[in-house]
Student: 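Okay, handing you the structure first.
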Amino acid sequence: MATAHVLEHTHTAGSFLGRYIFSQDHKVIGIQYFLTAMVMALVAGFLAIMMRLQLAFPNETWPLLEKLFPLGMEGGVMKPEFYLSLVTMHGTLMVFFVISFALVSGFGNFLIPLQIGARDMAYPFLNMLSYWTIVPACLLMIASFFVEGGAAAAGWTAYPPLSAVQNAVPGSGWGQTLWLLAMALFIVSFTMGGLNYVATILTHRTQGMSMMRLPLTIWTMFIAAILALLAFPALTAAAIMLLFDRHFGTSFFLPSGLYIGEQVLPHQGGTPLLWQHLFWFLGHPEVYVLLLPALGLTLDIIPAFTRKPVFGYRVTVTSLLVIAVLSLIVWGHHMFVSGMNPYLGEFFSIGTLLITLPSAAIGLNLIASLWGGSVRLTTPMLFALGVIALFGTGGLGGIFLGNAVSDVYLHDSYFVVGHFHFMIGGVTLFGIFAGTYYWFPKMFGRMMSERLGKIHFWLSLASFYGMFLGMHFLGLAGAPRRYYSFTQFSFLEPVVSLQLIVTISSFVFAAAQVIFLLNFFYSLKKGSKADKNPWNATTLEWTADSPPPHGNWNGEVPRVYRWPYEYSLPDAPQDFTPQTTPPAEAKVTM
Amino acid sequence: MVKTFNDVSTKTYWKIWSLLLLITLVMMLIDTAALARTLLVSLLLVGMLAKASLIAAYFMHLRFEKLSLVGIVTAGIFFTAAALFFLIAPDGVWILKSAVK
Amino acid sequence: MNQHSAVRRDLGGLEFSREQAAFRSTIGIWMFLTTVTMLFAAFTSSYIIRRASADWQEIVPPPILWLNTLVLIGSSSSLVLAQRGLRRSHAVSFRTYLVLSCLLGIGFLIGQIVCWVQLSRQGIFLPTNPHSSFFYILTGLHGLHLLGGVMALVYGTMKTWSADSVRMDHLFRVSSIYWHFMAGLWLYILFVLFVL
Amino acid sequence: MEEAQRTVGRQSVTGMLLALVMAAVPLVAILYATHTRLPFVASQHGSGIDSMINYTLITVGVVFIVAHLIFAYFIWRFSRQDRVTSRLASTKAEWRWTLIPVIVMILIAEGGVLVIGMPVWRELYGTAESDNVVTVEVTAEQFAWNVRYPGKDGIFGQTAPARIELPVNPLGVDPTDPNANDDLYLGPELKLPVNKPARILLRSKDVLHSFFLPHQRIKQDAVPGMVIEVRFVPTEIGEFEIACTELCGLGHYKMRGVLTVMPQEEFHRWYTESTDLYFPGE
Ligand code: HEA
Ligand code: HEA
Ligand code: CUA
Ligand SMILES: [Cu+2]
């Protein structure tokens, strides 16, 4: 039988190469993704710090940085086009190569089989392939800094004509081509991952694990994977057309009469708005692809540290589904002032604000999950609470933007930058941290240091507000984004001093992440040994060894008798009842 | 009783196949005939749909798949594709209207 | 390993008693076809927008396209017959139709290349006008997808002499779904390019 | 386990601290808010946009504060107990609670945009034609604004990119077109009469730009290949800045223009007597 075949395959441990490099074990692949994300986070975070330096000290010179980027930082002064490359690459790397990798690919691969009771993913080979597809993608992205003209500089949204015409901006040469190729590889890889997730969750659940007994992490991964499968092809199509516009003279996005570089281009009849539609058809669902798993992890971590079930499991699942469906039809809220048909603007505005209904329901469920519980403020729990707070703030900011009328003023201002850092850079990053502290024992068999973890949390939380709450007010004062400096306009004068607060906070934030990395690698070697179930949690992965062996469970795959949130069940022997506890030992509520 | 794959005889396949052929031929004919464009498009649309559902139903033997699964998948794809299409289409008109003359 | 025996499981009210692996590969191929559909849906939407522009010019489809269409439908039909042979354990008809299906598939690809050559002889290239751009891109992408299908079919054909029937059944389920989908997709592309 | 999950005594300090921080977040926000002003309003629809923003600021602000206070209270209260006091609500109760966020969001988000927002949106994008308008063409390029008026005849001379010639013919106007003779050209300076509707035909020569008038609450992308109409009525006399808010290349941050709003008679005088001709030769 074919599946049995697969099983034997993953059970053979093999050589070092087979076990750690070209492994088909979902846990190893998950950790590979996770570590890759970490490396890319360092790169993207470093780019952010360089941006912050420029914005707070627009007139300084940085001879040290000149050594690293002799062209972009000639004479130690940052060039405007180099700043744009920084913004572009920071955004792209963070969204696709850090958060997607760590959250969706990392935790997804690691947790899905473990939490549904499978020995591996449905297609282990495809899984390995998906990881090895993103390795060249990462290399291409990083290499693009060192090609002629520098890295792509048209923003992570890569709007043409800027991204389509070589002369429009220096990064629009080789840098943009590499960017497109790397993104194409990323999409291919993510598609393979998505196929795997959907097939695994649908077909590899253990006995008794019905859909309504899935941990919310799995639900969010499932929905995110479907969203990705539906939305990503639009960017594939757009990228193909952009490559053809750039290199083969077609005119999909380029209208007639473009006058760039003192000459009229031969293109005819295309329209830049088409790219925006296609990009955001992907781009908007993509942010939920990242958000939902972060909420999923949070929703699974909270009950372990309140010792009670999550509030509103069914409401949450329904809301997640509603969000997913709606997220496919609201992309136009990024285009309110793009020159799009104003009637579409009205439609998209109403649709966007509809998303706040299920989102707020989830927000309420998150908060209400604390009610009546016995809250234990371990590091994972602290980060999970951070997720709630940041989700609330970022989401409420979204209400200003989803409203087409206020967005006329706020579009492309720092208000937007503040909003999305709370969401995509806050909720998701804090979710990753919460997940890391929580599942580290399962991944590596050791505990992370609580003390360092707490320091990491407090520094991160405080500096996060310092960085991004302030940006909302920069935006209200009118500061546009993707500005190399704010010295050219008198209406922006009040804004300059705020930049300093943001920059200093970003240093603190970066320092806090160094503590995290120290903690991570120190605990890998020296952390106290973890037993199977250090948090007394109920989900299936805690019935496997820490770290789990190949095939996840020695002996039979456990059978499931109940839903995953059976904490503090009256009359049960302990305050937690694992999903594997048969009905004979404790009553089944769901 | 649900019909299974094996119950369908070769004859059925040939019938379907010739029906498809016929539709293709008719479409080619219509294409060359000087019909009003709207009529043409709607006729062809009907032809396409008939053909697509025949293919889907028989050749891909959807008829014998678990219908609800197929329903969910096709409905999902259909919804998403339609959303993309119908929310972009109004912009085509608009862009044309505001094009540089 | 009880997990892998044919287990009844509830899945949103559905019951699946069929062999798990078969189900798994069906899900996989359907999900993949979902992304393919969305890819072409994105192109269709772009086509609609792009068509509205003033510089739109129709290119005339080379007649060989119609021939190719018939060849592809023939290939699809032949695969159905092959599959039926497999179900009935009728090895000869199975192999014959399978080989025929592969040959017709390759024939279609060759026909497409001929079509491209004919077009370029007429001076119609990729960037000539938006319609030709879409023509080349859509037929090219479809051809690439089809090439993948041909390779799977050829691989399957070679395997008919060695692999066991359970695996064969899988392989054919999946590749025939894919193959028929590609045939349907081709009709859709024709429709978009020359009718819409 | 005992090590990881602290005793109630020690962790309630952490809980207290986190609760304080969470309660302080709205305070910080309010503090920021009192120090931030939107640029003052200087257009008719601008006050509509401001009332939309203010409505959202106030309603969302209340949700923001209340949610944070509840959240802080929960953290403080429940980190002090070591036994679960309320385990599982009934599914029905959970659905009933969901009504609260749903209703709140319907009121502040959907209600806001439908009741306050849409009329302003229509005012901005409606096509109500009025004769008494000043028509200006604003063409964006890397990295400058080009302002052109149709002149006394009210008709712009034809343009074609192929005729662009720097610096004499930056917009590619056809010199043989009689309508072009009286076209006025101001470079990056836009002049408008106060309290009179302005109709701006926004174009771009090369890439995307965005026409941002902070005080007039105008933001509209300029898209190459399209002419986009922007309408507004300036209500304050004075000099204002024009900025670009769509990434357009390395000079994006310094693509500055100036809007001068002047009394109607003064504008009229300038317009009829101006010597800022597009083709000064003729
Ligand atoms: C994970 C990422 C993520 C998420 C979840 C969201 C969620 C939302 N976003 Fe955001 N958004 C981005 C990432 C995200 N966004 C990014 C990256 C951009 C910029 C892209 C670019 O241009 O570069 C962007 C830009 C963006 C825009 C375009 C702005 C512009 O360019 O002009 C708009 C406009 O409508 C918008 C709206 C919304 C809305 C209405 C939501 C809603 O889903 C929010 C719903 C949530 C709530 C309503 C909160 C409910 C919770 C509570 C009520 C509990 C409260 C609790 C406490 C306070 C403790 N977003
Ligand atoms: C996923 C999201 C993400 C994250 C986390 C961040 C993080 C940060 N961002 Fe980012 N940012 C974006 C996504 C993100 N950003 C996007 C999409 C844009 C828009 C780009 C565009 O306009 O095109 C943007 C734009 C943007 C701007 C606007 C630039 C402009 O418009 O001119 C600024 C300005 O200050 C900024 C600053 C920062 C800072 C200081 C951080 C700091 O938080 C960074 C500090 C972080 C680190 C030092 C590393 C973090 C983590 C680790 C080391 C641990 C890793 C561990 C694991 C992964 C397990 N960002
Ligand atoms: Cu012009 Cu930005
Ligand atoms: Cu969005």
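All values reported here derive from a predicted model rather than from experimental measurement. Reminder, nothing fancy here: chain letters follow the sequence lines and each chain counts from 1.
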Student: Side chain, backbone, both or neither: which part of D/Leu38 has a non-hydrogen atom closer than 4.5 Å to chain A?
Tutor: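 Its backbone and side chain both get close to chain A.
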Student: For A/His411, does its backbone N or O pair with a side-chain atom of D/Lys219 as donor and acceptor, under 3.5 Å?
Tutor: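 Present.
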Student: Is any side-chain heavy atom of A/Pro161 less than 4.5 Å from a side-chain heavy atom of D/Leu208?
Tutor: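 Yes, their side chains come closer than 4.5 Å.
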Student: Given the options A/Leu254, A/Leu569, A/Thr379, which has more heavy-atom pairs under 4.5 Å with chain D than any of the others?
Tutor: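 Of A/Leu254, A/Leu569, A/Thr379, A/Leu569 has the most heavy-atom pairs under 4.5 Å with chain D.
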Student: For A/Leu498, is it the side chain, the backbone, both or neither that has a heavy atom under 4.5 Å from a heavy atom of chain D?
Tutor: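 Contact with chain D is through the side chain of A/Leu498 alone.
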Student: Quick one, A/Leu461 and D/Met22 - any side-chain contact, counting heavy atoms below 4.5 Å?
Tutor: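 Yes, their side chains come closer than 4.5 Å.
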Student: Heavy-atom pairs under 4.5 Å with chain D are the metric here; pick the option from A/Leu476, A/Leu353, A/Thr306, A/Val169 that has the most.
Tutor: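 The residue among A/Leu476, A/Leu353, A/Thr306, A/Val169 with the greatest pair count is A/Leu353.
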Student: With a 4.5 angstrom heavy-atom cut-off, which part of A/Ile355 approaches chain D: side chain, backbone, both or neither?
Tutor: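 Contact with chain D is absent: no heavy atom of A/Ile355 under 4.5 Å.
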Student: Counting heavy-atom pairs under 4.5 Å to chain A, which of D/Leu99, D/Leu18, D/Ile100, D/Val28 comes out on top?
Tutor: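 Counting heavy-atom pairs under 4.5 Å, the top option is D/Leu18.
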Student: Tell me, do D/Trp97 and A/Asn365 make a side-chain contact under 4.5 Å, heavy atoms counted?
Tutor: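 D/Trp97 vs A/Asn365: side chains apart.
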Student: Select one option (side chain, backbone, both, neither) describing which atoms of A/Ala530 are under 4.5 Å from chain D's heavy atoms.
Tutor: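 Neither part; nothing is under 4.5 Å.
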Student: Taking side chain as everything from C-beta outward and backbone as N, CA, C, O, which of these in A/Ala462 sits under 4.5 Å from a heavy atom of chain D? Side chain, backbone, both or neither.
Tutor: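 Neither part.
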Student: Report the option among A/Leu492, A/Asn403, A/Thr271 that has the most heavy-atom pairs separated by less than 4.5 Å from atoms of chain D.
Tutor: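 Result: the option with the highest number of such pairs is A/Asn403.
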Student: Taking only residues two or more places apart in sequence, or in another chain, which ones meet D/Glu94 in a salt bridge (Lys or Arg N to Asp or Glu O under 4.0 Å)?
Tutor: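 Testing D/Glu94 for salt bridge (Lys or Arg N to Asp or Glu O under 4.0 Å), a comparison that skips the adjacent residues, returns none.
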Student: Can you tell me which portion of A/Leu258 sits under 4.5 Å from chain D's heavy atoms? Options are side chain, backbone, both or neither.
Tutor: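 Answer is both: backbone and side chain atoms of A/Leu258 are under 4.5 Å from chain D.
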Student: Over all heavy atoms of both residues, which pair between D/Pro39 and A/Tyr409 is shortest? Give the atoms and the distance, please.
Tutor: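 Reported closest heavy-atom pair: CD-OH, 3.0 Å.
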Student: So what's closer than 4.5 Å to chain A heavy atoms on D/Ala33: side chain, backbone, both or neither?
Tutor: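 Both parts, backbone and side chain.
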Student: Considering only heavy atoms, which portion of A/Leu364 lies under 4.5 Å from any heavy atom of chain D: side chain, backbone, both, or neither?
Tutor: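 It is the side chain, since no backbone atom gets that close.
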Student: Need one label for A/Tyr313: side chain, backbone, both or neither, based on atoms under 4.5 Å from any heavy atom in chain D.
Tutor: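 Interface part for A/Tyr313: backbone (N, CA, C, O).
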Student: Do any pairs count as a side-chain hydrogen bond (donor to acceptor under 3.5 Å, both in side chains) and have a residue in residues 48-68 of chain D, sequence neighbours left out, and if so which ones?
Tutor: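 For residues 48-68 of chain D, and leaving out neighbouring residues, the side-chain hydrogen bond (donor to acceptor under 3.5 Å, both in side chains) pairs sorted by first residue read D/Asp50-D/Arg217.
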Student: Minimum heavy-atom separation for D/Trp121 to A/Pro342, with atom names?
Tutor: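 Taking D/Trp121 first and A/Pro342 second, the nearest heavy atoms are NE1-O, 3.2 Å.
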Student: Show the nearest heavy-atom pair for residues A/Val337 and D/Gln220, with the distance to one decimal.
Tutor: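 Shortest heavy-atom contact: O-NE2, 3.0 Å.
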Student: What part of A/Ser490 gets within 4.5 angstrom of chain D, counting heavy atoms only: side chain, backbone, both, or neither?
Tutor: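 Both backbone and side chain.
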Student: Against chain D, label A/Pro170 side chain, backbone, both or neither, depending on which of its atoms sit under 4.5 Å from a heavy atom there.
Tutor: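 Side chain of A/Pro170 only, per the 4.5 Å heavy-atom cut-off to chain D.
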Student: In Å and rounded to the nearest 0.5 Å, what is the CH2 to CZ distance from D/Trp95 to A/Arg314?
Tutor: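 The distance works out to 9.5 Å.
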Student: Run the ring-centre check on A/Tyr483 versus D/Tyr253 and record whether the distance is less than 6.0 Å.
Tutor: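 A/Tyr483 vs D/Tyr253: aromatic centres not under 6.0 Å.
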Student: Return the CG to CZ distance between D/Asp82 and A/Arg376, rounded to the nearest 0.5 Å.
Tutor: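 So the gap between those two atoms works out to 7.0 Å.
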Student: Are D/Glu246 and A/Arg482 side-chain neighbours, meaning at least one heavy-atom pair lies under 4.5 Å?
Tutor: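 They are in side-chain contact.
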Student: Using heavy-atom distances under 4.5 Å, tell me whether A/Val375 contacts chain D through its side chain, its backbone, both, or neither.
Tutor: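 Both the backbone and the side chain of A/Val375 come within 4.5 Å of chain D.
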Student: Taking every non-hydrogen pair under 4.5 Å, which of A/Asp531, A/Val310, A/Thr352, A/Ile388 racks up the most with chain D?
Tutor: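 Going by pairs under 4.5 Å, I would pick A/Ile388.
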Student: Measure across A/Ser338 and D/Asp221 and return the closest heavy-atom pair with its distance rounded to 0.1 Å.
Tutor: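 Shortest heavy-atom contact: CA-OD2, 3.5 Å.
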Student: For a quick test of reading the model, state the closest non-hydrogen atom pair linking D/Pro224 to A/Pro255 and the distance between them.
Tutor: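 Where D/Pro224 meets A/Pro255 most closely, the heavy atoms are O-CG, 3.4 Å.
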Student: Check each atom of D/Val223 against the heavy atoms of chain A and say whether the ones under 4.5 Å are side chain, backbone, both or neither.
Tutor: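 D/Val223 touches chain A through side-chain heavy atoms alone.
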Student: Could you check D/Tyr73, D/Phe78, D/Phe71 and say which one makes a ring pair (Phe, Tyr, Trp, His ring centres under 6.0 Å) with A/Trp371?
Tutor: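 It is D/Phe78, the one option of D/Tyr73, D/Phe78, D/Phe71 that forms the ring pair (Phe, Tyr, Trp, His ring centres under 6.0 Å) with A/Trp371.
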Student: Would you mind checking which part of D/Leu202 comes under 4.5 Å of any heavy atom in chain A, side chain (CB onward), backbone (N, CA, C, O), both or neither?
Tutor: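 D/Leu202 has no heavy atom closer than 4.5 Å to chain A.
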Student: At a 4.5 Å cut-off on heavy atoms, which part of A/Glu262 comes close to chain D: side chain, backbone, both, or neither?
Tutor: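 Just its side chain gets close to chain D.
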Student: Go through the atoms of D/Leu114 and report whether side chain, backbone, both or neither lie under 4.5 Å from a heavy atom of chain A.
Tutor: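 For D/Leu114, side-chain heavy atoms alone lie under 4.5 Å from chain A.
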Student: For D/Ile242, which atoms come within 4.5 Å of any heavy atom of chain A: side chain, backbone, both, or neither?
Tutor: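 For D/Ile242, the backbone is the part near chain A, not the side chain.
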Student: In terms of heavy-atom pairs under 4.5 Å, which option from D/Ile164, D/Val120, D/Ile103, D/Thr85 contacts chain A the most?
Tutor: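 Highest number of heavy-atom pairs under 4.5 Å: D/Ile164.
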Student: For the residue pair A/Lys79 and D/Leu250, establish whether any side-chain heavy-atom pair is separated by less than 4.5 Å.
Tutor: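 Sidechains of D/Leu250 and A/Lys79: no contact.
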Student: Is A/Glu566 in contact with chain D via its backbone, its side chain, both, or neither, using a 4.5 Å heavy-atom distance?
Tutor: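 The answer is both parts of A/Glu566.
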Student: Just so I understand: if I count every heavy-atom pair under 4.5 Å between each of D/Val21, D/Thr98, D/Leu124 and chain A, which residue has the most?
Tutor: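 Result: the option with the highest number of such pairs is D/Thr98.
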Student: Any sub-3.5 Å donor-acceptor pair from D/Glu110's side-chain atoms to A/Leu354's backbone N or O?
Tutor: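 The answer is yes, because a donor-acceptor pair under 3.5 Å joins these two groups.
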Student: Flag the pair D/Arg83 / A/Ser374 as yes when at least one side-chain heavy-atom distance between them is below 4.5 Å, and no otherwise.
Tutor: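 They are not in contact (no side-chain heavy atoms under 4.5 Å apart), so the answer is no.
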Student: Please report the interatomic distance CG(A/Leu469) to OH(D/Tyr32), rounded to the nearest 0.5 Å.
Tutor: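 A/Leu469 CG to D/Tyr32 OH: 6.0 Å, rounded to 0.5 Å.
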Student: Measure distances from D/Val104 to the heavy atoms of chain A and classify the residue's part below 4.5 Å as side chain, backbone, both or neither.
Tutor: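 Neither the backbone nor the side chain of D/Val104 comes within 4.5 Å of chain A.
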Student: Nearest heavy-atom pair of D/Gln142 and A/Leu162: which atoms, and what distance?
Tutor: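 In this case the closest contact between D/Gln142 and A/Leu162 is NE2-CD1, 3.9 Å.
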Student: What residue, out of A/Gly339, A/Ala360, A/Gly373, has the most heavy-atom pairs lying under 4.5 Å from chain D?
Tutor: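 Most heavy-atom pairs within the cutoff with chain D belong to A/Gly373.
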Student: Let me know if A/Phe457 has heavy atoms under 4.5 Å from chain D in its side chain, its backbone, both or neither.
Tutor: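 A/Phe457 touches chain D through side-chain heavy atoms alone.
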Student: Is the closest side-chain heavy-atom distance between D/Val60 and A/Phe400 below 4.5 Å?
Tutor: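 Yes; the side chains approach each other to less than 4.5 Å.
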Student: Are the side chain of D/Glu241 and the backbone of A/Phe489 linked by a donor-acceptor contact shorter than 3.5 Å?
Tutor: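 The answer is no, because no donor-acceptor pair under 3.5 Å joins these two groups.
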Student: Chain D heavy atoms under 4.5 Å from A/Ala153: which part of the residue, side chain, backbone, both or neither?
Tutor: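 The backbone, not the side chain.
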Student: If only atom types and distance count, is the side chain of A/Ser568 paired as donor or acceptor with the main-chain N or O of D/Val84 below 3.5 Å?
Tutor: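 Such a contact is absent between A/Ser568 side chain and D/Val84 backbone.
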Student: Can you tell which of D/His215, D/Met105, D/Arg256, D/Glu165 has the highest number of heavy-atom pairs within less than 4.5 Å of chain A?
Tutor: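 Greatest number of close heavy-atom pairs with chain A: D/Met105.
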Student: Most heavy-atom pairs under 4.5 angstrom with chain D, which of A/Ala168, A/Gly155, A/Ala154?
Tutor: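 If we count pairs closer than 4.5 Å to chain D, A/Ala168 comes out on top.
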Student: For the CD1 atom of D/Ile75 and the CG atom of A/Leu385, what is their distance to the nearest 0.5 Å?
Tutor: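 Reported to 0.5 Å precision, the distance equals 5.0 Å.
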Student: State, with a plain yes or no, whether a side-chain heavy atom of A/Tyr259 is found less than 4.5 Å away from one of D/Asp206.
Tutor: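 Result no, sub-4.5 Å side-chain heavy-atom pair not found.
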